[in-house]
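This report concerns only the one structure given below.
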Amino acid sequence: MKAISLFFLSVLCCLMLQFNAVAQRTVVSGTVCDATTKETLPNVTVFFKDTRIATQTDINGKYTIVSPSAQQALSFNYVGYLSVNRSVIPSATQEINVFLASDSKSLDEVVVIGGKKVRYRNKDNPAVELIRQVIAHKDENRITSYNTVAFKKYEKMLFSVSNLSDKFKKKKMFRNYQFLFQEQDSTLVGGKNLLPVYIQERLSDLYLSKSPEKSKTVILGEKQVNFDGRYIDNKGMKTYLERMYQDIDIYKNNISVVSNEFLSPISDGAPAFYKFFITDTIKTQKPEVIELSFTPRNTTDMLFEGKIYVTNDKHYAVTRASFGVNKNINLNFVRALKINLNFEPNSSGKYSLSKSNLIANFGVGKTKGIGFTGDRTVTFKNYEFDAKLPDTVFTGKSTVVVAGADKKSDQFWEQNRLDTISKNQLKIYGNIDTLQNLPSFKRTMKIVTLLFAGYQNLGPYEIGPVNTFYSFNNVEGLRLRIGGRTTPELSKRYYFENYVAYGIKDEKWKYFLSATYSLNNKSIYEFPQNYLRASFQRDTKIPGQELQFVQEDNFLLSFKRGVNDMLLYNDFYRFDYVKEFENHFSYSLGLKKWSQTPAGGLKYLDANNRQIDRLTTSEISLQLRYAPNEKFYQGKIYRVPIADRYPVFNLRYTAGLKGVLGGEYNYHNLMGSIDKRFYLSQLGYSDFSVEGSYIAGKVPFPLLAIHRANQTYAYQLNSYNLMNFLEFVSDHYVSVNIDHNFNGFIFNKLPLIKKLKLREVLSFKALYGGLRDENNPALSTGVYQFPTFENGLQRTNSLGSKPYMEGSVGVGNIFKLLRIDLVKRFNYLDHPDVSEWGIRARVKFDF
């Protein structure tokens, strides 16, 4: 009994002590905001006065601070703001929200007297030793260190017009749009005035497996502002924004932001490109956290600057990060960029990403003028680590959208959002719907679409593209054209495309007509494609140039160098079937009858010098394409792939059928290619392409591989820019094309020049091939003679024992949009009418 009494007495004492401790406990939480803009402030230091108990606000300006004893006052400190003290109710749980005022004091005079500047070194630098420990422990701190992981993910993307002035809002043209300006948001990035115009939300379940390496994303709900599909492709815009604003993984060596690769501050090579400084130690947390500041060694390189917070224990895990870019960075159209990452301790004692926020402000001018601000916040919750996941979880596609995900009710979103959303942001959905119904807005969008997409929408039919209405060449002279195509407003199954053109000099009509039937009840321009198409085209083309139906007579391609008088009149009868799959594998089957007639300086002569007026072939073809993880922007007249690190494989087989539909030759053509972009961190990136082909059969030169030449003054990535049209033909070849962009790696380190933010480019192209004797008119009869100039000199040649090679060095990012290359041709300089050197220009918008 005595022992039992002693036990209960001990328990009673413990409970009394615990109750007393709880009774003394002081808990304060709240939000810290800018007093002027009302924007939340991250990383504000909050501490109980006269104690060492402190914390900092998160990326949403929220904080929670706990003291085991009674406290009287709380202090808030932030650089550039006046400090604030607030009274606290002792031994109570309470909420205190604070507005900090900017410290606008100015000093009349500042005198700094310093000694010799200490040179920064990595050697014996405790900050560098610390970051090396962080790098060494990356693998154990990454989410991929677990055997399996399951969690929920909520994404919110907000896009706004920024830096609006009151004068702009009062313009007459906006008198019908004042409802948009009534509710304005603000942000620390992008100026005081923001006008939200787009919002996108997505809720997903994610599953990861380490061995075997698998991933699965199940999209439970998604919601976005939908614009009128006649003017803006909603799906394509969403894909483009997702490419610009990807998930931020600080543990990766390179972080993709606004279509550029930035070296992570904890990448393997970070100490060579960053300077690191230990700026604070937070000892009130367990484990202690060290504040590590970092800055680029060169402020114009593609690098970040900011702070990371690392646990001072054996794990060296990142608990928080706040970073952006230097104002001098060689980055186009980006006025400001800010990234905040928050990590929370999980059940296994490690830290997992709980929230990330990326804000980027864009504009033509560095600070002035209207801009655009994109704000993406991602929240992660309900982590489950090393739980046994059924094998069925990873079956099927890697990304699955549940039925009705885009039709979830408001109640669903209210109950399932993992983050808060303001009433002003929710109003965007209704505001845009109202905006699109205004007649003045519809008229404006028609004009914008005409200028940028090249088509004038007339409802079920649209006219264009306008850049082909007028062009010229040596054979046709002035060429006039008009045409267009039907839209989904006429039918979602049937599509028609047509044009008619007339040459003033040759006095000939050209025309094109196609009819396409969509087999999946989707637009034929929408991924995944699945359609049948029949077409006829009577038009001109340059030998060896791929005919792209509605784009080959672009006005800007009319300007050419050298002798350019070889042209073909063509009749194309085609039937094509195209099938794409969700995994980005596709195939196409084709049947084509092609009749070609030479024109201008081009003549088809047989071995007996007799002129051939017409050459007819019939072909069947099969093309296979695989582009894993490919993303593209769906435009009005074509799809633009978004360049990424994944390769693209192409394989095409074509068979010529003699005696079928008038075909004159039997032959087989097998062609394959691989294209890939390689990211080389601070050295930029390289676009690499290798291509090869073999033609079996005895055929005249028009049916050989006529290598892609370029006689315009534009630099063309996939053509030989100092090769003349029809200069080389082959029945077997292999080619290599390398185009490297240094992203300013060299220019960024040169005084004065670095202020221009230029970027270096380097390219090399090599083509090795040849002709078998049976296809060489100098060694075989029964094939056409190679074209010659009027003076009898050879115009078309086969490649000899050495490859054709050319290279270029260039300067890009001139005025943020122009690239100029100095191109050199290395061999075959004895050919007539060729140039060893040339200057070519290319327009390209890069971030």
Check: Could you walk me through whether N743 and N330 pass the side-chain hydrogen bond (donor to acceptor under 3.5 Å, both in side chains) check?
Finding: CA-CA 8 Å; N743 272 344; N330 192 343; over 6 Å; no
Margin query: Test salt bridge (Lys or Arg N to Asp or Glu O under 4.0 Å) on R202 and D406; report intermediate values, then the result.
Written below: CA-CA 9 Å; R202 179 182 290 170; D406 59 343; over 6 Å; no
Notebook entry, point to check: T487 and Y495: side chain to side chain contact (heavy atoms under 4.5 Å, CB included), yes or no, with the steps?
Noted result: CA-CA 7 Å; T487 70; Y495 295 83; over 6 Å; no
Notebook entry, point to check: Could you walk me through whether S322 and K338 pass the side-chain hydrogen bond (donor to acceptor under 3.5 Å, both in side chains) check?
Noted result: CA-CA 7 Å; S322 178; K338 186 70 175 177; 3.1 Å; yes
Note to self: Show, in sequence, the C-alpha distance, side-chain angles and deciding distance for Y154 and N416, and conclude whether the side-chain hydrogen bond (donor to acceptor under 3.5 Å, both in side chains) test is met.
What the structure shows: CA-CA 9 Å; Y154 169 72; N416 291 279; over 6 Å; no
Next item on the list: Applying side-chain hydrogen bond (donor to acceptor under 3.5 Å, both in side chains), run through Y198 and N226 and close with a yes or a no.
Entry: CA-CA 9 Å; Y198 178 81; N226 282 309; over 6 Å; no
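Under the 3.5 Å distance criterion, the side-chain polar atoms of S204 are left unmatched by any main-chain donor or acceptor of L206. Side-chain N or O atoms of Y461 include none that pairs as donor or acceptor with a backbone N or O of L490 at under 3.5 Å. Judged by distance alone, with hydrogens and angles left aside, the side-chain atoms of S354 form a donor-acceptor pair with the main-chain N or O of N342 at under 3.5 Å. In this structure a side-chain-to-backbone donor-acceptor pair under 3.5 Å is missing from T148 to L389. No donor-acceptor distance shorter than 3.5 angstrom exists from the side chain of H584 to the backbone of N629, with no hydrogens or angles considered.
Rounding to the nearest 0.5 Å gives a distance of 4.0 Å between CZ of R677 and CG of D687. Put simply, CH2 on W413 and CG on L203 are 6.0 Å apart, with the number rounded to the nearest 0.5 Å. Taking CG of N326 as the reference point, atom CG of L337 lies at 12.0 Å (rounded to 0.5 Å). How far OG of S422 is from CD1 of I428: 7.5 Å, rounded to the nearest 0.5 Å. Taken to the nearest 0.5 Å, the OG atom of S491 stands 8.0 Å off from the CZ atom of F496. Considering OG of S352 and CG of N346, their distance stands at 3.5 Å, rounded to 0.5 Å.
Annotation for I248 and S256: closest pair CD1-O, 4.4 Å, computed over non-hydrogen atoms. Across S209 and F394, no two heavy atoms sit closer than the pair CB-CZ, 3.6 Å. The minimum heavy-atom distance linking E222 with V401 is given by the pair OE2-CG1, 3.9 Å. F527 and E580 get closest at one heavy-atom pair: CD1-OE1, 3.2 Å. Between R625 and V648, the shortest heavy-atom distance links the atoms NH2-CG1, 3.6 Å. Among all heavy-atom pairs drawn from T31 and T40, the shortest one is CG2-CG2, 3.9 Å.
In this structure, F362 has its ring center no closer than 6.0 Å to that of F372. Here the two rings, on F323 and F304, have centers that are under 6.0 Å apart.
For K408, the NZ atom sits in a packed shell: over 12 heavy atoms of surrounding residues, nucleotides or ligands are nearer than 6.0 Å.
For the pair V378 and K153, the minimum side-chain heavy-atom distance is below 4.5 Å. Within the 4.5 Å cutoff, side-chain heavy atoms of I308 are placed close to those of I266. R645 has its side chain within reach of E261: a pair of non-hydrogen atoms, C-beta onward, lies under 4.5 Å apart. Counting heavy atoms from C-beta outward, V257 and F262 have side chains that approach closer than 4.5 Å. Between R376 and E155 the shortest side-chain heavy-atom distance falls below 4.5 Å. Using a 4.5 Å heavy-atom threshold, the side chains of I250 and L353 count as separate. Side-chain atoms of E414 and S409, non-hydrogen and from C-beta on, never get closer than 4.5 Å to each other. Side chains of D375 and Q425 form no contact here, defined as non-hydrogen atoms less than 4.5 Å apart.
Between the side chains of T373 and N361, at least one donor N or O sits under 3.5 Å from an acceptor N or O. A donor atom on one side chain and an acceptor atom on the other are not found under 3.5 Å apart for N583 and Y626. Looking only at atom types and distance, the side chain of D675 has no donor-acceptor partner in the side chain of Y646 under 3.5 Å away. Between the side chains of E95 and S29, no donor-acceptor pair is found at a separation under 3.5 Å. Donor-acceptor pairing under 3.5 Å is recorded for the side chains of Y429 and E201.
Judged by the 6.0 Å distance and 45° axis criteria, K676 is positioned over the aromatic ring of F678. Cation-pi geometry between K579 and F581 is met: the NZ or CZ atom falls under 6.0 Å from the ring centre, inside 45° of the normal.
In this view, F412 satisfies the ring pair (Phe, Tyr, Trp, His ring centres under 6.0 Å) rule with no residue, not counting sequence neighbours. Applying the salt bridge (charged side-chain N to carboxylate O under 4.0 Å, His left out) test to R493 and every residue at least two apart in sequence or in another chain returns nothing. Every residue was checked against the ring pair (Phe, Tyr, Trp, His ring centres under 6.0 Å) condition with F333, not counting sequence neighbours, and none meets it. Legend: residues meeting ring pair (Phe, Tyr, Trp, His ring centres under 6.0 Å) with Y63, ordered by chain and number and at least two apart, are F76. K307 is linked by a salt bridge (charged side-chain N to carboxylate O under 4.0 Å, His left out) to E291, counting only residues two or more places apart in sequence or in another chain. Looking at residues two or more places apart in sequence or on another chain, you find a ring pair (Phe, Tyr, Trp, His ring centres under 6.0 Å) between Y517 and Y494.
Between F585 and Y587, the angle of the ring planes lies from 30° to 60°, which puts this pair in the tilted group. A tilted orientation is assigned to the rings of Y679 and Y685, their planes being inclined by 30° to 60°.
At a threshold of 4.0 Å, the pair K216-D205 does not count as salt-bridged, since none of the basic side-chain nitrogens sits closer than that to a carboxylate oxygen.
Of the candidates T377, N340, T379, T377 is the only one forming a side chain to side chain donor-acceptor pair (under 3.5 Å) with N357. For the side chain to side chain donor-acceptor pair (under 3.5 Å) criterion with S518, the lone passing option out of T516, N520, N521 is N520.
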